[in-house]
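Some notes on the structure that comes next.
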Amino acid sequence: MALIAITDCWQPPLTRRGDPLGFLDLAHKLSEHIIPGLSNRTRDCRWLTLLGYSLLAARRAAPRELPDDRLAFYRWLHPLERLWVWQCAQLLGDAEQKERRLPGIRRARNARSLATYMQYSEDQVASYRFTGPYGSYRLLLRDPRLTDEGDGWAVTEPFEELCRDVLAVPVTPVCQLARIRPRAGTEPHSYWLRNDRLGLLGMESGAKALRDRHLLPVGRDLRLVRGLVPTPSARERAFYKSLLFGDDLAGRQRRATLKALAAGRTLSTSALRGASIPNTDRRLIQLLISFDEWSASLSECLHRAAIIANLCRPTVAELIGELEAVGIDFASLRKKSATFAQASSNTTKAGLGLCAVPAFVAASRLASSLQRAKTSVRLLEQLVQHHQAAGGGKRWLKLVVEGATRIVATLSIDPDSAAPAYGFRQMALARLAVQCGMPNTAALVKKPQARTIGDDDDEEEGDA
(Lines give C-alpha, C1' and ligand atoms only; values in the text may rest on other atoms or scores of the structure.)
Protein backbone atom coordinates (compact mmCIF):
# COMPACT_ATOMS: atom_id res chain seq x y z
CA MET A 1 0.00 0.00 0.00
CA ALA A 2 1.55 3.25 -1.14
CA LEU A 3 1.43 5.98 1.48
CA ILE A 4 2.80 9.46 1.78
CA ALA A 5 5.24 9.69 4.67
CA ILE A 6 3.34 10.71 7.77
CA THR A 7 6.37 12.49 9.17
CA ASP A 8 6.56 15.11 6.44
CA CYS A 9 7.17 18.66 7.60
CA TRP A 10 4.07 19.59 5.62
CA GLN A 11 2.35 21.50 8.39
CA PRO A 12 3.47 24.97 9.53
CA PRO A 13 4.99 25.15 13.01
CA LEU A 14 2.26 25.07 15.64
CA THR A 15 2.14 27.36 18.65
CA ARG A 16 1.96 26.24 22.24
CA ARG A 17 0.01 27.61 25.18
CA GLY A 18 3.22 27.68 27.24
CA ASP A 19 5.29 29.54 24.64
CA PRO A 20 4.87 33.15 25.81
CA LEU A 21 7.44 34.52 23.34
CA GLY A 22 6.42 32.47 20.29
CA PHE A 23 10.01 31.47 19.48
CA LEU A 24 9.61 27.68 19.67
CA ASP A 25 10.45 27.21 15.99
CA LEU A 26 13.76 29.02 16.45
CA ALA A 27 14.51 26.82 19.48
CA HIS A 28 13.88 23.76 17.28
CA LYS A 29 16.20 25.05 14.56
CA LEU A 30 19.02 25.74 17.01
CA SER A 31 18.52 22.44 18.85
CA GLU A 32 18.89 20.56 15.59
CA HIS A 33 22.51 21.74 15.35
CA ILE A 34 23.50 20.21 18.70
CA ILE A 35 20.98 17.42 19.40
CA PRO A 36 19.47 16.44 16.04
CA GLY A 37 16.49 14.17 15.55
CA LEU A 38 14.99 14.44 19.03
CA SER A 39 12.41 16.59 20.81
CA ASN A 40 11.99 17.54 24.45
CA ARG A 41 9.64 14.54 24.75
CA THR A 42 11.90 11.90 23.16
CA ARG A 43 12.82 10.45 26.54
CA ASP A 44 12.40 6.66 26.69
CA CYS A 45 13.89 3.99 24.46
CA ARG A 46 11.09 1.65 25.48
CA TRP A 47 8.45 3.94 24.01
CA LEU A 48 10.29 3.92 20.70
CA THR A 49 10.13 0.12 20.79
CA LEU A 50 6.40 0.25 21.56
CA LEU A 51 5.79 2.62 18.68
CA GLY A 52 7.76 0.42 16.31
CA TYR A 53 5.59 -2.57 17.15
CA SER A 54 2.42 -0.46 16.96
CA LEU A 55 3.41 0.83 13.51
CA LEU A 56 3.92 -2.74 12.36
CA ALA A 57 0.57 -3.86 13.74
CA ALA A 58 -1.29 -0.84 12.33
CA ARG A 59 0.21 -1.30 8.90
CA ARG A 60 -0.88 -4.93 8.74
CA ALA A 61 -4.35 -4.20 10.09
CA ALA A 62 -5.13 -1.21 7.88
CA PRO A 63 -7.02 -1.69 4.59
CA ARG A 64 -4.72 -2.32 1.64
CA GLU A 65 -6.20 0.62 -0.24
CA LEU A 66 -6.15 3.88 1.69
CA PRO A 67 -6.96 7.41 0.55
CA ASP A 68 -3.85 9.26 -0.59
CA ASP A 69 -3.54 11.57 2.40
CA ARG A 70 -1.26 11.76 5.39
CA LEU A 71 -3.91 11.14 8.03
CA ALA A 72 -5.36 7.98 6.49
CA PHE A 73 -2.73 5.61 7.87
CA TYR A 74 -2.35 7.48 11.14
CA ARG A 75 -6.02 6.81 11.96
CA TRP A 76 -5.04 3.12 12.34
CA LEU A 77 -2.08 3.89 14.60
CA HIS A 78 -3.90 6.41 16.75
CA PRO A 79 -6.07 3.96 18.79
CA LEU A 80 -2.98 1.90 19.66
CA GLU A 81 -1.23 4.98 21.02
CA ARG A 82 -4.22 5.73 23.21
CA LEU A 83 -4.34 2.18 24.52
CA TRP A 84 -0.67 2.30 25.55
CA VAL A 85 -1.24 5.63 27.31
CA TRP A 86 -4.35 4.25 29.02
CA GLN A 87 -2.30 1.38 30.41
CA CYS A 88 0.31 3.71 31.84
CA ALA A 89 -2.41 5.86 33.42
CA GLN A 90 -3.69 2.75 35.21
CA LEU A 91 -0.28 1.42 36.25
CA LEU A 92 1.54 4.57 37.35
CA GLY A 93 0.90 6.63 40.46
CA ASP A 94 0.45 10.41 40.34
CA ALA A 95 4.10 11.14 41.12
CA GLU A 96 5.32 8.67 38.50
CA GLN A 97 2.94 10.06 35.88
CA LYS A 98 4.28 13.54 36.55
CA GLU A 99 7.85 12.31 36.16
CA ARG A 100 7.17 10.38 32.96
CA ARG A 101 5.29 13.31 31.40
CA LEU A 102 3.67 11.00 28.90
CA PRO A 103 1.71 13.04 26.34
CA GLY A 104 -2.04 12.53 26.62
CA ILE A 105 -1.92 10.84 30.03
CA ARG A 106 -3.93 13.59 31.69
CA ARG A 107 -7.02 12.78 29.62
CA ALA A 108 -6.55 9.05 30.23
CA ARG A 109 -6.24 9.62 33.97
CA ASN A 110 -9.40 11.73 34.09
CA ALA A 111 -11.54 9.48 31.86
CA ARG A 112 -14.33 7.59 33.64
CA SER A 113 -13.78 4.44 31.58
CA LEU A 114 -11.86 3.05 28.62
CA ALA A 115 -14.97 3.51 26.44
CA THR A 116 -15.12 7.20 27.39
CA TYR A 117 -11.41 7.64 26.80
CA MET A 118 -11.63 6.11 23.31
CA GLN A 119 -14.19 8.68 22.14
CA TYR A 120 -12.61 11.46 20.12
CA SER A 121 -13.25 13.77 17.19
CA GLU A 122 -11.45 13.96 13.85
CA ASP A 123 -9.82 17.20 14.97
CA GLN A 124 -8.45 15.43 18.04
CA VAL A 125 -7.03 12.66 15.86
CA ALA A 126 -5.26 15.20 13.67
CA SER A 127 -3.90 17.00 16.72
CA TYR A 128 -2.83 13.81 18.51
CA ARG A 129 -0.62 12.95 15.56
CA PHE A 130 1.69 15.69 16.86
CA THR A 131 0.92 15.68 20.59
CA GLY A 132 0.70 11.93 21.31
CA PRO A 133 3.53 9.41 21.70
CA TYR A 134 4.08 9.21 17.93
CA GLY A 135 4.46 12.99 17.80
CA SER A 136 7.17 12.78 20.45
CA TYR A 137 9.27 10.34 18.42
CA ARG A 138 8.31 11.17 14.84
CA LEU A 139 11.57 12.99 14.07
CA LEU A 140 13.63 10.03 15.24
CA LEU A 141 11.41 7.60 13.32
CA ARG A 142 12.55 9.28 10.13
CA ASP A 143 15.92 7.58 10.58
CA PRO A 144 16.27 5.00 7.75
CA ARG A 145 17.56 2.46 10.28
CA LEU A 146 14.11 2.49 11.88
CA THR A 147 11.77 2.96 8.93
CA ASP A 148 12.25 2.21 5.23
CA GLU A 149 13.91 5.17 3.54
CA GLY A 150 13.02 7.22 6.60
CA ASP A 151 9.33 7.38 5.69
CA GLY A 152 8.31 7.23 9.35
CA TRP A 153 5.86 4.32 9.17
CA ALA A 154 7.25 1.23 7.38
CA VAL A 155 9.36 -0.48 10.07
CA THR A 156 12.67 -1.96 8.90
CA GLU A 157 13.43 -5.63 9.45
CA PRO A 158 16.14 -5.05 12.11
CA PHE A 159 13.82 -2.73 14.04
CA GLU A 160 10.96 -5.22 13.73
CA GLU A 161 13.15 -8.02 15.06
CA LEU A 162 14.15 -5.85 18.02
CA CYS A 163 10.53 -4.98 18.84
CA ARG A 164 9.42 -8.62 18.72
CA ASP A 165 12.33 -9.79 20.83
CA VAL A 166 12.03 -7.10 23.51
CA LEU A 167 8.26 -7.28 23.85
CA ALA A 168 8.28 -11.08 23.76
CA VAL A 169 5.37 -11.10 21.31
CA PRO A 170 5.20 -14.11 18.97
CA VAL A 171 4.64 -13.74 15.24
CA THR A 172 1.19 -15.35 15.36
CA PRO A 173 -0.86 -12.47 16.80
CA VAL A 174 0.23 -9.97 14.17
CA CYS A 175 -0.24 -12.53 11.40
CA GLN A 176 -3.78 -12.99 12.66
CA LEU A 177 -4.30 -9.26 12.35
CA ALA A 178 -3.46 -9.47 8.67
CA ARG A 179 -6.23 -12.06 8.22
CA ILE A 180 -8.86 -10.16 10.16
CA ARG A 181 -9.32 -7.40 7.63
CA PRO A 182 -11.85 -4.73 8.60
CA ARG A 183 -15.07 -4.47 6.69
CA ALA A 184 -15.65 -1.39 4.58
CA GLY A 185 -16.53 1.56 6.78
CA THR A 186 -15.12 0.05 9.97
CA GLU A 187 -13.74 2.67 12.33
CA PRO A 188 -10.13 1.93 13.39
CA HIS A 189 -10.81 2.24 17.13
CA SER A 190 -13.79 -0.13 16.86
CA TYR A 191 -11.64 -2.61 14.98
CA TRP A 192 -8.90 -2.57 17.61
CA LEU A 193 -11.32 -2.91 20.50
CA ARG A 194 -12.96 -5.93 18.86
CA ASN A 195 -9.81 -7.60 17.60
CA ASP A 196 -7.35 -7.31 20.45
CA ARG A 197 -4.54 -9.66 19.42
CA LEU A 198 -1.81 -7.68 21.18
CA GLY A 199 -3.03 -8.00 24.76
CA LEU A 200 -3.70 -4.26 24.95
CA LEU A 201 -7.01 -4.39 26.77
CA GLY A 202 -8.16 -5.75 30.10
CA MET A 203 -7.48 -2.45 31.83
CA GLU A 204 -10.91 -2.44 33.49
CA SER A 205 -9.38 -4.78 36.06
CA GLY A 206 -6.31 -3.49 37.88
CA ALA A 207 -5.41 -7.00 39.08
CA LYS A 208 -5.41 -8.36 35.53
CA ALA A 209 -3.36 -5.38 34.42
CA LEU A 210 -0.56 -6.26 36.81
CA ARG A 211 -0.55 -9.96 35.88
CA ASP A 212 -0.82 -9.79 32.09
CA ARG A 213 2.63 -10.18 30.52
CA HIS A 214 1.51 -8.32 27.40
CA LEU A 215 0.74 -5.11 29.28
CA LEU A 216 3.54 -2.85 28.15
CA PRO A 217 5.70 -0.81 28.61
CA VAL A 218 5.90 -2.94 31.73
CA GLY A 219 6.61 -6.02 29.66
CA ARG A 220 7.83 -8.82 31.93
CA ASP A 221 9.26 -6.49 34.55
CA LEU A 222 7.25 -3.90 36.47
CA ARG A 223 10.45 -2.04 37.29
CA LEU A 224 10.63 -0.86 33.67
CA VAL A 225 8.12 1.89 34.43
CA ARG A 226 8.77 2.37 38.14
CA GLY A 227 12.11 4.12 38.04
CA LEU A 228 13.16 7.56 36.84
CA VAL A 229 14.61 6.03 33.70
CA PRO A 230 13.14 2.72 32.45
CA THR A 231 15.76 0.03 32.13
CA PRO A 232 16.05 -1.26 28.57
CA SER A 233 17.00 -4.81 27.77
CA ALA A 234 20.59 -5.58 26.75
CA ARG A 235 19.57 -5.84 23.11
CA GLU A 236 17.64 -2.58 23.26
CA ARG A 237 20.59 -0.85 24.88
CA ALA A 238 22.99 -1.97 22.16
CA PHE A 239 20.56 -1.17 19.34
CA TYR A 240 19.72 2.32 20.53
CA LYS A 241 23.27 3.17 21.54
CA SER A 242 24.35 2.50 17.97
CA LEU A 243 21.34 4.41 16.62
CA LEU A 244 21.65 7.49 18.82
CA PHE A 245 25.36 7.72 19.55
CA GLY A 246 26.94 6.01 16.57
CA ASP A 247 29.52 7.28 14.09
CA ASP A 248 27.11 9.00 11.71
CA LEU A 249 26.99 12.83 11.80
CA ALA A 250 23.92 13.01 14.05
CA GLY A 251 25.45 10.49 16.47
CA ARG A 252 28.72 12.41 16.64
CA GLN A 253 26.86 15.67 17.27
CA ARG A 254 24.87 14.12 20.11
CA ARG A 255 28.05 12.61 21.61
CA ALA A 256 29.89 15.93 21.48
CA THR A 257 27.00 17.77 23.13
CA LEU A 258 26.64 15.04 25.75
CA LYS A 259 30.37 15.18 26.52
CA ALA A 260 30.19 18.96 27.09
CA LEU A 261 27.13 18.65 29.35
CA ALA A 262 28.70 15.81 31.32
CA ALA A 263 31.93 17.80 31.77
CA GLY A 264 29.93 20.75 33.06
CA ARG A 265 27.76 18.48 35.23
CA THR A 266 24.71 20.49 34.25
CA LEU A 267 21.91 20.56 31.71
CA SER A 268 22.63 24.12 30.65
CA THR A 269 23.57 25.48 27.26
CA SER A 270 26.32 27.47 29.00
CA ALA A 271 28.21 24.15 29.22
CA LEU A 272 28.51 24.25 25.43
CA ARG A 273 30.63 27.40 25.47
CA GLY A 274 33.90 26.43 23.80
CA ALA A 275 32.58 23.02 22.77
CA SER A 276 33.42 21.64 19.33
CA ILE A 277 30.36 20.05 17.73
CA PRO A 278 30.79 18.46 14.28
CA ASN A 279 29.39 20.47 11.38
CA THR A 280 28.16 23.24 13.71
CA ASP A 281 29.57 26.75 13.42
CA ARG A 282 30.72 28.20 16.75
CA ARG A 283 28.67 31.33 16.03
CA LEU A 284 25.55 29.17 16.06
CA ILE A 285 26.53 27.78 19.45
CA GLN A 286 27.06 31.30 20.77
CA LEU A 287 23.69 32.31 19.34
CA LEU A 288 22.06 29.34 21.08
CA ILE A 289 23.62 30.21 24.44
CA SER A 290 22.66 33.87 24.25
CA PHE A 291 19.15 33.03 23.03
CA ASP A 292 18.65 30.60 25.91
CA GLU A 293 19.74 33.12 28.55
CA TRP A 294 17.76 35.98 26.98
CA SER A 295 14.54 34.07 26.33
CA ALA A 296 14.60 32.49 29.81
CA SER A 297 14.88 35.93 31.41
CA LEU A 298 12.04 37.34 29.31
CA SER A 299 9.86 34.33 30.05
CA GLU A 300 10.54 34.71 33.79
CA CYS A 301 9.61 38.39 33.61
CA LEU A 302 6.29 37.66 31.85
CA HIS A 303 5.56 34.78 34.21
CA ARG A 304 6.10 36.92 37.32
CA ALA A 305 4.11 39.77 35.79
CA ALA A 306 1.17 37.44 35.13
CA ILE A 307 1.20 36.18 38.73
CA ILE A 308 1.17 39.73 40.09
CA ALA A 309 -1.44 40.95 37.60
CA ASN A 310 -3.74 38.13 38.69
CA LEU A 311 -3.92 39.81 42.11
CA CYS A 312 -4.57 43.39 40.95
CA ARG A 313 -4.66 45.65 37.89
CA PRO A 314 -1.33 47.50 38.24
CA THR A 315 -0.13 50.33 36.08
CA VAL A 316 3.04 49.58 34.17
CA ALA A 317 5.06 51.72 36.59
CA GLU A 318 3.56 49.92 39.60
CA LEU A 319 4.27 46.54 38.07
CA ILE A 320 7.89 47.53 37.47
CA GLY A 321 8.33 48.10 41.20
CA GLU A 322 6.67 44.78 42.06
CA LEU A 323 8.82 42.89 39.57
CA GLU A 324 12.04 44.44 40.83
CA ALA A 325 11.00 43.46 44.36
CA VAL A 326 10.89 39.76 43.31
CA GLY A 327 14.26 39.88 41.57
CA ILE A 328 13.58 40.92 37.97
CA ASP A 329 16.58 42.99 36.85
CA PHE A 330 15.64 45.24 33.92
CA ALA A 331 19.24 46.37 33.41
CA SER A 332 20.19 42.72 32.98
CA LEU A 333 17.33 42.25 30.48
CA ARG A 334 18.73 45.10 28.36
CA LYS A 335 22.22 43.61 28.53
CA LYS A 336 21.02 40.14 27.52
CA SER A 337 18.98 41.70 24.70
CA ALA A 338 22.12 43.44 23.43
CA THR A 339 24.14 40.21 23.66
CA PHE A 340 21.57 38.24 21.68
CA ALA A 341 21.16 41.07 19.15
CA GLN A 342 24.92 41.03 18.53
CA ALA A 343 24.99 37.22 18.22
CA SER A 344 22.08 37.29 15.75
CA SER A 345 23.87 40.00 13.73
CA ASN A 346 27.02 37.86 13.59
CA THR A 347 24.96 34.86 12.47
CA THR A 348 23.24 36.89 9.77
CA LYS A 349 26.52 38.27 8.43
CA ALA A 350 27.97 34.76 8.30
CA GLY A 351 25.06 33.56 6.17
CA LEU A 352 24.27 30.58 8.41
CA GLY A 353 20.75 30.07 7.08
CA LEU A 354 18.52 31.49 9.81
CA CYS A 355 17.36 34.63 8.02
CA ALA A 356 14.54 32.65 6.39
CA VAL A 357 13.20 31.56 9.80
CA PRO A 358 10.39 33.96 10.82
CA ALA A 359 10.97 33.32 14.54
CA PHE A 360 14.64 34.30 14.16
CA VAL A 361 13.71 37.54 12.43
CA ALA A 362 11.10 38.32 15.11
CA ALA A 363 13.52 37.51 17.95
CA SER A 364 16.25 39.69 16.45
CA ARG A 365 13.80 42.56 16.02
CA LEU A 366 12.55 42.26 19.60
CA ALA A 367 16.09 42.11 21.02
CA SER A 368 17.09 45.25 19.12
CA SER A 369 13.95 47.02 20.34
CA LEU A 370 14.44 46.04 23.99
CA GLN A 371 18.09 47.04 24.12
CA ARG A 372 17.14 50.51 22.85
CA ALA A 373 14.30 50.99 25.36
CA LYS A 374 15.16 54.13 27.34
CA THR A 375 13.11 53.22 30.40
CA SER A 376 12.05 50.05 32.17
CA VAL A 377 8.43 51.06 31.60
CA ARG A 378 8.98 51.20 27.85
CA LEU A 379 10.86 47.87 27.90
CA LEU A 380 8.02 46.10 29.73
CA GLU A 381 5.39 47.63 27.44
CA GLN A 382 7.25 46.40 24.36
CA LEU A 383 7.67 42.94 25.85
CA VAL A 384 3.96 42.61 26.69
CA GLN A 385 3.00 43.94 23.26
CA HIS A 386 5.20 41.27 21.65
CA HIS A 387 3.62 38.61 23.88
CA GLN A 388 0.14 39.76 22.80
CA ALA A 389 1.06 39.70 19.12
CA ALA A 390 3.29 36.63 18.85
CA GLY A 391 2.91 34.47 21.98
CA GLY A 392 1.84 30.86 21.57
CA GLY A 393 -1.73 29.84 22.43
CA LYS A 394 -3.57 31.65 25.21
CA ARG A 395 -2.01 34.95 26.22
CA TRP A 396 -1.08 35.65 29.81
CA LEU A 397 -1.20 39.46 29.74
CA LYS A 398 -2.47 42.45 27.80
CA LEU A 399 -2.08 46.21 27.90
CA VAL A 400 -5.19 48.31 28.53
CA VAL A 401 -5.65 52.06 28.88
CA GLU A 402 -7.77 53.04 31.87
CA GLY A 403 -6.64 56.59 32.48
CA ALA A 404 -3.15 55.14 32.86
CA THR A 405 -1.70 52.19 30.95
CA ARG A 406 -2.28 49.02 32.95
CA ILE A 407 -1.19 45.42 32.52
CA VAL A 408 -4.07 42.98 32.96
CA ALA A 409 -3.82 39.20 33.42
CA THR A 410 -5.80 37.18 30.86
CA LEU A 411 -4.94 33.72 32.21
CA SER A 412 -4.66 32.41 35.75
CA ILE A 413 -1.08 31.39 36.58
CA ASP A 414 -0.16 29.07 39.46
CA PRO A 415 1.98 31.25 41.76
CA ASP A 416 4.04 28.20 42.74
CA SER A 417 4.83 27.25 39.14
CA ALA A 418 8.10 27.97 37.37
CA ALA A 419 8.44 29.91 34.15
CA PRO A 420 8.66 27.61 31.13
CA ALA A 421 11.91 27.33 29.19
CA TYR A 422 12.80 25.90 25.80
CA GLY A 423 14.99 23.12 27.17
CA PHE A 424 16.77 22.49 23.85
CA ARG A 425 16.32 18.69 24.16
CA GLN A 426 19.00 18.42 26.82
CA MET A 427 17.03 16.33 29.33
CA ALA A 428 15.84 14.06 26.52
CA LEU A 429 19.45 13.50 25.44
CA ALA A 430 20.58 12.82 29.02
CA ARG A 431 17.83 10.29 29.73
CA LEU A 432 18.46 8.41 26.51
CA ALA A 433 22.20 8.44 27.23
CA VAL A 434 21.65 6.87 30.66
CA GLN A 435 19.46 4.19 29.11
CA CYS A 436 22.12 3.46 26.51
CA GLY A 437 24.86 3.18 29.13
CA MET A 438 26.84 6.24 28.04
CA PRO A 439 29.55 7.08 30.61
CA ASN A 440 29.38 9.97 33.10
CA THR A 441 25.74 10.78 32.40
CA ALA A 442 23.79 9.47 35.41
CA ALA A 443 24.28 12.69 37.40
CA LEU A 444 22.62 14.73 34.64
CA VAL A 445 19.17 13.20 35.23
CA LYS A 446 19.15 13.31 39.03
CA LYS A 447 18.08 16.93 39.36
CA PRO A 448 14.50 17.64 38.22
CA GLN A 449 14.19 19.97 35.26
CA ALA A 450 11.46 22.59 34.95
CA ARG A 451 8.73 21.85 32.44
CA THR A 452 9.93 22.77 29.00
CA ILE A 453 7.92 24.49 26.29
CA GLY A 454 6.45 21.85 24.01
CA ASP A 455 6.68 19.23 26.76
CA ASP A 456 3.14 19.33 28.14
CA ASP A 457 0.70 16.45 27.84
CA ASP A 458 -2.34 18.43 26.67
CA GLU A 459 -3.94 16.85 23.61
CA GLU A 460 -5.17 20.19 22.39
CA GLU A 461 -1.66 21.59 22.13
CA GLY A 462 0.57 21.66 19.08
CA ASP A 463 3.76 20.06 17.90
CA ALA A 464 6.70 19.60 20.17
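Just so it is clear, the model here is predicted, and its values are computed rather than measured.
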Within the side chain of [X], is there an N or O that forms a donor-acceptor pair under 3.5 Å with the backbone of [Y]?
| X | Y | answer |
| --- | --- | --- |
| Ser54 | Leu50 | yes |
| Ser337 | Leu370 | no |
| Asp25 | His28 | no |
| Thr280 | His33 | yes |
| Thr147 | Gly152 | yes |
| Arg237 | Gln435 | yes |
| Thr49 | Cys163 | no |
| Ser242 | Phe239 | no |
| Gln426 | Gly423 | yes |
| Ser345 | Ala341 | no |

Any side-chain heavy atom of [X] sitting closer than 4.5 Å to one from [Y]?
| X | Y | answer |
| --- | --- | --- |
| His78 | Tyr128 | yes |
| Phe340 | Glu293 | no |
| Arg395 | Leu411 | no |
| Arg43 | Met427 | yes |
| Phe360 | Leu287 | yes |
| Tyr134 | Leu77 | yes |
| Leu24 | Tyr422 | yes |
| Tyr53 | Leu80 | no |

Subject >> Within 6.0 Å of CZ in Arg235, more than 12 heavy atoms from elsewhere >> reply: yes
Give the minimum heavy-atom separation between [X] and [Y], together with the two atoms involved.
| X | Y | answer |
| --- | --- | --- |
| Leu146 | Leu140 | CD1-O, 3.5 Å |
| Trp396 | Ala306 | CB-CB, 4.0 Å |
| Leu26 | Ala363 | CD2-CB, 4.0 Å |
| Leu261 | Ser268 | CD2-O, 3.6 Å |
| Ala275 | Arg282 | O-NH1, 3.2 Å |
| Gln253 | Pro36 | OE1-CG, 3.3 Å |

Using distance only, find each side-chain donor-acceptor pair of residues 398-407 under 3.5 Å and give its atom names and separation, not counting sequence neighbours.
residue, atom, partner, partner atom, Å
Glu402, OE2, Arg313, NH2, 2.4
Arg406, NH1, Arg313, O, 2.6

For [X], enumerate each residue passing the side-chain hydrogen bond (donor to acceptor under 3.5 Å, both in side chains) test, keeping only those at least two apart in sequence or located in another chain.
| X | result |
| --- | --- |
| Thr257 | none |
| Ser297 | Lys336 |
| Ser295 | none |
| Gln342 | Asn346 |

Would you call [X] and [Y] a salt bridge, taking side-chain N to carboxylate O under 4.0 Å as the test?
| X | Y | answer |
| --- | --- | --- |
| Asp44 | Arg431 | yes |
| Asp19 | Lys394 | no |
| Asp248 | Arg145 | yes |

**OP:** Nearest 0.5 Å please: distance from the OG1 atom of Thr116 over to the CZ atom of Arg107.
**Re:** 9.0 Å
Original post:
Between atom SG of Cys45 and atom NZ of Lys241, what is the distance when rounded to the nearest 0.5 Å?
Top reply: 12.0 Å
Subject >> salt bridge (charged side-chain N to carboxylate O under 4.0 Å, His left out) pairs, two or more places apart, involving residues 348-372 >> reply: none
Original post:
Are a donor atom and an acceptor atom from the side chains of Ser39 and Thr42 found within less than 3.5 Å of each other?
Top reply: yes
Original post:
Can you check whether Trp153 and Phe73 have ring centres sitting under 6.0 Å from each other?
Top reply: yes
Original post:
In chain order, what residues pass the ring pair (Phe, Tyr, Trp, His ring centres under 6.0 Å) check against His386, with sequence neighbours excluded?
Top reply: Phe23
Donor-acceptor contacts under 3.5 Å from residues 320-329 side chains, at least two apart:
residue, atom, partner, partner atom, Å
Asp329, OD1, Ala331, N, 3.0
Asp329, OD1, Ser332, N, 3.2

Going by salt bridge (Lys or Arg N to Asp or Glu O under 4.0 Å), name the residues that satisfy it together with [X], two or more places apart in sequence or in a different chain.
| X | result |
| --- | --- |
| Glu32 | Arg425 |
| Arg334 | none |
| Arg378 | Glu381 |

**OP:** Establish, yes or no, whether the cationic atom of Arg138 lies under 6.0 Å from the six-membered ring centre of Phe130 and within 45° of the ring axis.
**Re:** no
Original post:
Who pairs with Ala430 by side-chain contact (heavy atoms from CB on, under 4.5 Å), at least two apart in sequence or on another chain?
Top reply: Leu267, Leu444, Val445
